[in-house]
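Below is one structure, written out as C-alpha cells; comments come after it.
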Amino acid sequence: MDKDSFFQDVYEVARLIPRGRVTSYGAIAKYLGVARSARVVGWAMNGAVTNQEVPAHRVVNRVGLLTGKNHFATPTLMQELLEAEGVEIRADQVVNFDKHFWDPIVELGL
DNA sequence: TGCGTGACCACGG
DNA sequence: CCCGTGGCCACGC
C-alpha cells in the first residue's frame with residue numbers, strides 16, 4: 001500500500017457512505033488500519049470540502065457531533081446537507097447517531 | 001530541521 | 001459525563 005494514498009483511501013471510503021448515513025473519523029481511520037491517526041482523517045476531510053466527490057458532511061466525531069461544521073463554507077451548511085438527506089440534527093449533534101452510524105468495518109467487512 | 005497545532009480517540013480518575 | 005494525559009500523523013511557519 002502506498003503511504004501517499006492515505007488521503008485517497010479516506011476519500012474513497014467517504015464516497016462509499018450511503019445517503020442519509022454518517023460515520024466517524026475514528027471508524028474510517030480504524031478501517032484503514034490507522035486507528036490512532038483519526039486526526040489525519042480530519043485533516044484529509046479539510047481538503048475534501050472543496051471536493052464535491054467527497055461528502056465530508058457525512059463524517060462526524062465519535063459522539064455524532066458536527067465538529068467540522070466550522071470548516072464548511074458556512075457553519076450551517078453541514079447540518080443543512082445532513083438534514084436534506086433525512087438525518088436529524090439537534091444541537092449540532094446527530095440524533096439517533098447509533099442508528100445512522102455507518103461503520104465501514106461492518107458494512108464493507110475487514 | 002524542529003515545534004506548535006488540529007474536523008480525534010483511548011484511557012484513567 | 002467531565003477533565004487531564006498520551007499518542008498518532010500531516011501541515012505551516
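No hydrogens, no waters, no symmetry mates; every other heavy atom, side chains included, goes into these values. Numbered from 1 within each chain, the chains take letters A, B, ... in sequence-line order. Only a predicted model underlies this, so the values are computations on that prediction, with no experimental measurement involved.
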Problem - Phosphate contact (B:dC8 OP1 or OP2) by A:T67 side-chain N/O below 4.0 Å - result: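 True: A:T67 side-chain N/O within range (under 4.0 Å) of B:dC8 OP1/OP2.
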Handout entry: Partner nucleotide of C:dG6 by Watson-Crick or wobble geometry (both distances under 3.5 Å)
Key =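 When the pairing criteria are applied, B:dC9 turns out to be the nucleotide that pairs with C:dG6.
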Exercise for the section: With a 3.5 angstrom cut-off on both distances, give the Watson-Crick or G-U wobble partner of B:dC3, or none if there isn't one. Expected result: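 Result: C:dG12.
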Is [X] touching bases, backbone alone, or none of the nucleic acid, heavy atoms closer than 4.0 Å?
| X | answer |
| --- | --- |
| A:N61 | sugar-phosphate |
| A:V49 | base |
| A:R62 | sugar-phosphate |

Handout entry: Of A:W43 and A:R36, the one whose closest DNA chain C nucleotide lies more 5'
Key =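 The residue closer to the strand's 5' end, by nearest nucleotide, is A:R36.
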Practice task
Let me know, please, whether A:V40 or A:V63 comes out on the 5' side of the other along DNA chain C by nearest nucleotide.
Solution key: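 Per heavy-atom nearest nucleotide, the more 5' residue is A:V63.
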Whole angstrom value for the distance that separates [atom2] of [N] from [atom1] of [X]:
| X | N | atom1 | atom2 | value |
| --- | --- | --- | --- | --- |
| A:R39 | C:dC8 | CZ | P | 12 Å |
| A:N70 | B:dC8 | CG | P | 11 Å |
| A:F101 | B:dC9 | CZ | C1' | 13 Å |
| A:K69 | B:dG6 | NZ | P | 18 Å |
| A:L65 | C:dC1 | CG | C1' | 14 Å |
| A:Y25 | B:dA10 | OH | C1' | 18 Å |
| A:N46 | B:dG6 | CG | C1' | 10 Å |

Exercise for the section: Answer yes if the side chains of A:E12 and A:Q8 hold a donor-acceptor pair under 3.5 Å, and no otherwise. Expected result: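 The answer is no; no qualifying pair exists.
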Exercise for the section: Taking atom types as modelled, find out whether A:E85 and A:H57 have a side-chain donor-acceptor pair closer than 3.5 angstrom. Expected result: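 Yes, side-chain donor-acceptor contact under 3.5 Å.
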Exercise for the section: Indicate yes or no: at least one non-hydrogen side-chain atom of A:V94 is less than 4.5 angstrom from one of A:L66. Expected result: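 Yes, close enough: below the 4.5 Å cut-off.
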Exercise for the section: Determine, using the 4.5 Å side-chain heavy-atom cutoff (strictly less than), whether A:V13 and A:V60 are members of one ILVMFWY cluster. Expected result: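 No, because A:V13 and A:V60 fall into different hydrophobic clusters, even though each may have its own neighbours under 4.5 Å.
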Practice task
Taking atom CD of A:E83 as the centre, report whether more than 12 heavy atoms of other residues, nucleotides or ligands fall under 6.0 Å from it.
Solution key: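 It does: A:E83 CD has more than 12 such atoms within range.
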Problem - Closest listed nucleotide, where the reference is the side chain of A:S37 and the choices are B:dA7, B:dC9, C:dC8 - result: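 Within the option list, the nearest is C:dC8.
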Exercise for the section: Measure from the side-chain heavy atoms of A:A38 and tell me the nearest of C:dC11, B:dA7, B:dC9. Expected result: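 Looking only at heavy atoms from C-beta outward on A:A38, the closest nucleotide is B:dC9.
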